[in-house]
Amino acid sequence: MANFWNLCTLGLPTESGKYEVRVCKKGEPLDCPLSTIILYDADKQEWRLPEPVAKANMEVIAWRCL
């Protein structure tokens, strides 16, 4: 499987599971993104952000398969 980054603006994963993601502050996609591993729910089409990430007003901007 390719190990390249997918931009969320171009599409989300089609399967649920763990993904390596890059997160940054909402509205500032080029402001020093951080990498972490987060669960994705394909049925709801949403990332399960850990509470500290969500409280910091961060969003997923890119993802790739583990």
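These numbers come from the heavy atoms of this one structure, side chains and all, not from hydrogens, waters or symmetry mates. All figures in this text were calculated on a predicted structure; none of them were measured in a lab.
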| query | Which atom names give the shortest non-hydrogen contact between Gln45 and Leu12, and what distance separates them? | reply | O-CD1, 4.3 Å

| field | pair Leu49-Met58: side-chain heavy atoms closer than 4.5 Å | value | no

| Atom pair OH/SG of Tyr40 and Cys8 - distance to nearest 0.5 Å | 8.5 Å

| When the ring planes of Trp47 and Tyr19 are compared, do they come out parallel, tilted or perpendicular, using 30° and 60° as the limits? | perpendicular

| query | Please walk me through it: do Arg64 and Val21 pass side chain to side chain contact (heavy atoms under 4.5 Å, CB included)? | reply | CA-CA 6 Å; Arg64 67 179 173 187; Val21 299; over 6 Å; no

| note | Residues passing the salt bridge (Lys or Arg N to Asp or Glu O under 4.0 Å) test with Lys44, sequence neighbours excluded, are none

| field | Validation row: Val53, Thr36 side chains within 4.5 angstrom (heavy atoms) | value | no

| said: Let's go through Ile38 and Lys18 carefully: what are the C-alpha distance in whole Å and the side-chain angles of both, what is the deciding distance for side chain to side chain contact (heavy atoms under 4.5 Å, CB included) to 0.1 Å, and is it a yes or a no? | reply: CA-CA 6 Å; Ile38 293 179; Lys18 289 183 181 179; over 6 Å; no

| query | Would you say Leu39 and Trp63 are hydrophobically clustered, going by side-chain heavy atoms of ILVMFWY under 4.5 Å? | reply | no

| message | Filter on side-chain hydrogen bond (donor to acceptor under 3.5 Å, both in side chains), then keep only pairs touching residues 4-16, sequence neighbours left out; what's left? | response | none

| query | Quick one: hydrophobic cluster around Leu10, which other residues, with the 4.5 Å side-chain cut-off, linked directly or via members? | reply | Leu7

| request: First locate atom CZ of Arg22, then atom CD1 of Ile61, and finally report the distance between them rounded to the nearest 0.5 Å. | output: 7.5 Å

| salt bridge (Lys or Arg N to Asp or Glu O under 4.0 Å) assessment of Lys26 paired with Glu59 | CA-CA 6 Å; Lys26 287 184 179 177; Glu59 66 183 341; 5.9 Å; no

